[in-house]
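Here, residue 1 is the first one in the sequence, and each next residue gets the next number.
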Amino acid sequence: MKAIDDKKINETNVTLEERFKEERTEWNGKIINLIESIKNTTKLAESQVIQLSYRQMIQDKLAEYRILHEKRQEMLDKQTVDRFREYKLSYDIKLSSSEAQAFVNADCKALKLQIKMIHTQIVYFEESIKTLDNLGYAIKNKIEMMSNQLI
């Protein structure tokens, strides 16, 4: 039986890891700059617009990664079934179900890692949206406080 060639999946994992790290660094900088900008009361309206824009951009990213996550999960499910069937029916040595499952888990390790990386990126962006939502409330509260001081 031919072992699964994980070379392509491993290369994709390296590429995804670098891409995700760059995205997190980029968005971390954007959000920190936005937080810093609300210190300047003359930029509150602009900050509010940017906050909403960033929120929508991240929503788009989340949709993209959720779809990718589902596709990879489907790929993993298919690969798991195929490999288990192959180990149980076509392997040179008769394996118990637990032995076959251990072999399948080893064969699917790279794809599982990819799914975990995608999930981690999804969680990061979900938390970023929460931060942006909180920032939106902070901007609104600051505007209200300024309005009350003018009265």
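- Note on E127 versus K130: salt bridge recorded, some NZ/NE/NH1/NH2 to OD/OE distance being below 4.0 Å.
- Ring centers of Y124 and W27: at least 6.0 Å apart, outside the cut-off.
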Under the criterion side-chain contact (heavy atoms from CB on, under 4.5 Å), I'd like the reasoning laid out for L62 against I129: C-alpha separation, chi angles, the key distance, then a yes or no. CA-CA 10 Å; L62 273 172; I129 284 182; 3.5 Å; yes

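- Side-chain atoms of Q73 and D77 form a donor-acceptor pair, as typed in the model, at a separation below 3.5 Å.
- Taking both residues in full, the closest heavy atoms of S128 and I58 are given as CB-CD1, 3.9 Å, listed atom of the first, atom of the second, then distance.
- For K142 (side chain) and I38 (main-chain N/O), a donor-acceptor pair under 3.5 Å exists by modelled atom type.
- With sequence neighbours excluded, the residues forming a side chain to side chain donor-acceptor pair (under 3.5 Å) with K112 are N105, listed by chain and number.
- Ionic pairing of K30 and E26 is present here: one or more N-O contacts between side-chain nitrogen and carboxylate oxygen are shorter than 4.0 angstrom.
- Surrounding CD of E17 are at most 12 heavy atoms belonging to other residues, nucleotides or ligands under 6.0 Å away.
- Of the possible polar contacts, none joining the N28 side chain to the R24 backbone as a donor-acceptor pair under 3.5 Å is found.
- The shortest non-hydrogen separation linking S47 to L34 is O-CD1, 3.5 Å.
- Heavy atoms only, all atoms of each residue included: C108 and Q79 are closest at SG-OE1, 3.5 Å.
- Side-chain polar atoms of E70 and Y65 form no donor-acceptor pair below 3.5 angstrom.
- In H119, the NE2 atom is not crowded: 12 or fewer heavy atoms of neighbouring residues, nucleotides or ligands sit closer than 6.0 Å.
- Shown here is E74, whose CD atom has no more than 12 heavy atoms of other residues, nucleotides or ligands within 6.0 Å.
- Between the side chain of N13 and the main chain of A110, a donor-acceptor pair closer than 3.5 Å is present.
- The pair E99-K88 fails the salt-bridge criterion, with no side-chain N (NZ, NE, NH1 or NH2) lying under 4.0 Å from an Asp/Glu carboxylate O.
- A donor-acceptor contact closer than 3.5 angstrom is absent between the side chains of R19 and Q121.
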